[in-house]
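Quantities reported herein were computed from a predicted structural model and do not represent experimental measurements. For the numbers below, each heavy atom of this structure counts, side chains included, while hydrogens, waters and symmetry mates do not.
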Amino acid sequence: DFLAGGGMLCLLNGLLALSRRRPVERFLPASLFLLGGGLFWEGLTPLYLPRSVGDPWDVLAVWLGGAALLARAAADAGEDATWQGHLEAGNRQLETLNAQYEAAKNAEAEARRAYLAADGERVAGVWDALPPEYAGQPVEDWGEAVIIPAFCDLHIHAPQFPNRGVGYGLQLLDWLEGYTFPMEARYGDAGFAEKVWKAFLNRLWAGGTLRFSAFATVHSQAAWRLMELAEASGLRGLVGKVNMDRNSPDSLREDTGRSLADTEELICRAREELKHTAFILTPRFVPSTTERLMDGLGRLGEKYDLPVQSHLAENPSEVAWVRQLHPDVPGYAQVYERHGLLRRGRTIMAHCIYLSPEERALLKEREVTLAHCPASNADLASGIMPLRQYLAEGQRCCVASDVAGGHTAAMNRNAAAAVALSRLRWLDRREEPPLTLAEALWLITGGPGAFLGRVGAFEPGYAFDALVIRPVPGD
């Protein structure tokens, strides 16, 4: 009876274990107790000689239950090995992080009651005690305020500023047709453009974004006016006239030759008349630019040594569309490369959610800056950039607002959104640690600042762009 009861419990325990309910802790002690009692009376022979037991089915139950337990143990060992593999892969990623991580870790460093000195427009250094050479110089004490590097936004659409928060029931392509293109068509009106540009620049100032890279519209006069106002504002910016000559409404579709001529005119004018605002080549994205237009822009980039900004792999429908338009090209990124628009160390590509391994390798080799736009990707349900994976690969990355795909130009909120999305991604990919707050801060200061020059950190020789942040009483 002991042996029969133990055998049945052992069988039950094994079957439940195989069903992945893990009842071992609950039933195994009772099974072993009953089996032990049976074996005490019967000796070991029943395990090998079923005929010595009155009912051989009891022993069969023992064998089947034991086999089930062993099978489950093997499965658990396999699971453990799989998780161990994930952990080891994650450790390898963390061990191979490049200087971006070191900079992010340094962002956690905090100097209390320290002195930050500037030499003209450049940082001289940070010291616990004021060096003798600065004796007698005026010192401004900001008390308990926090002083950090100013924010940089490398992907923002100035003409979409009035559309913040609008149309987020749609996804990218329908949203462009329903809301973005009709809004951008209005910038042929100089008065309307003037009003929006001023509001846009004031908002950047108010939010602490002192450097930016912005899309204007196809209208060359409106684009020039934005550049003039940016220059007068004291901000430092890159501004691009948008180029699009296919798959766009009549109100925005350009003649290819005229688009290139207007672009070159703006390039030359900006170089002659502006000091702190520069031109950046801005093909909207592959679906709206013909090969002839992309070729022409690539030649302008080479001729004038210009930076480039555009969109890449933001939405699955967009990626499929590019594949239909360019079936002879292996990937979306390779279309830009074919036309000279992945300029080494001079290119910003926004979103980059759905990239193949070959595209990632190409972007890394070309030293392209990948602009993660977390608010926009959530608002338009586009997806989540695998930011941790890209950083581990050594990609150049930053966080950007993508107004008005994103609902806010406030970079602190976009940094918080990047952390939040990384934690959601971590739920399904435990091998990708979530973004830390220090890393997110670096991705809106030093990360984008590296694209713009020596910007985004309080290091000697860096641009002295600083924000003084006072806590709100009672907050």
Side-chain angles (χ1 to χ4, degrees), residues 94 97-154 204-213 233-238 275-276 345 369 371-372 387 391 394 396-401 409-416 418-419 435-473 475:
L94 290 174
L97 295 181
N98 60 18
Q100 293 176 331
Y101 281 83
E102 293 302 318
K105 286 167 63 179
N106 291 339
E108 294 181 319
E110 176 182 311
R112 291 182 176 271
R113 308 301 299 172
Y115 292 87
L116 171 62
D119 183 4
E121 296 185 354
R122 296 285 161 181
V123 175
V126 178
W127 300 278
D128 292 331
L130 194 64
E133 60 266 31
Y134 291 98
Q137 296 294 321
V139 175
E140 188 162 4
D141 186 355
W142 292 98
E144 296 301 316
V146 177
I147 303 176
I148 64 172
F151 303 143
C152 304
D153 188 351
L154 291 191
L204 294 186
W205 260 118
T209 301
L210 303 191
R211 294 180 188 258
F212 65 92
S213 184
S233 72
L235 299 173
R236 304 291 188 267
L238 299 172
K275 180 181 178 182
H276 299 302
T369 296
H372 175 36
L387 180 58
L391 289 171
R396 300 186 178 197
C397 298
C398 68
V399 166
S401 70
M411 292 307 296
N412 58 324
R413 295 187 178 184
N414 282 286
V419 173
L435 201 65
T436 68
L437 188 58
E439 289 170 323
L441 175 61
W442 181 79
L443 288 166
I444 61 174
T445 54
F451 181 85
L452 300 170
R454 302 188 76 187
V455 174
F458 292 149
E459 298 289 338
Y462 275 58
F464 184 62
D465 297 345
L467 304 180
V468 178
I469 303 173
R470 295 187 182 89
V472 176
D475 188 358

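A distance of 7.0 Å separates SG of Cys397 from CG of Leu443, quoted to the nearest 0.5 Å.
Here the side chains of Arg211 and Val455 are in contact, with some heavy-atom distance below 4.5 Å. Within the 4.5 Å cutoff, side-chain heavy atoms of Cys152 are placed close to those of Leu452.
Residues Thr209 and Asp153 bring no donor and acceptor atom of their side chains to less than 3.5 Å of each other.
Within the 3.5 Å criterion, the main-chain N or O of Ser233 finds a donor-acceptor partner in the side chain of Trp205. Under a 3.5 Å cut-off, the side chain of Arg122 and the backbone N or O of Gly461 do form a donor-acceptor pair. No side-chain donor-acceptor contact under 3.5 Å links Gln137 to the backbone of Tyr134. Without hydrogens or angle criteria, Arg470 side chain to Val468 main chain gives no donor-acceptor distance under 3.5 Å. With hydrogens and angles disregarded, a donor-acceptor distance shorter than 3.5 Å links the side chain of Arg454 to the backbone of Pro460.
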Could you check Ile148 against Ile469 for side chain to side chain contact (heavy atoms under 4.5 Å, CB included), going step by step and ending with a plain yes or no?
CA-CA 8 Å; Ile148 64 172; Ile469 303 173; 3.6 Å; yes
_Test side chain to side chain contact (heavy atoms under 4.5 Å, CB included) on Phe151 and Leu210; report intermediate values, then the result._
CA-CA 6 Å; Phe151 303 143; Leu210 303 191; over 6 Å; no
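Closest non-hydrogen pair, Ala418 versus Val399, comes out as CB-CG2, 3.8 Å.
Scanning for side chain to side chain contact (heavy atoms under 4.5 Å, CB included) contacts around Val126 gives Ala111, Ala114, Leu116, Phe458, with sequence neighbours left out. A search for side chain to side chain contact (heavy atoms under 4.5 Å, CB included) contacts involving Ser213 returns Leu154, Leu238, Ile280, Gln309, Ile348, not counting sequence neighbours.
Sorted by first and then second residue, the salt bridge (charged side-chain N to carboxylate O under 4.0 Å, His left out) pairs with a member in residues 125-146 read Arg113-Asp141; sequence neighbours excluded.
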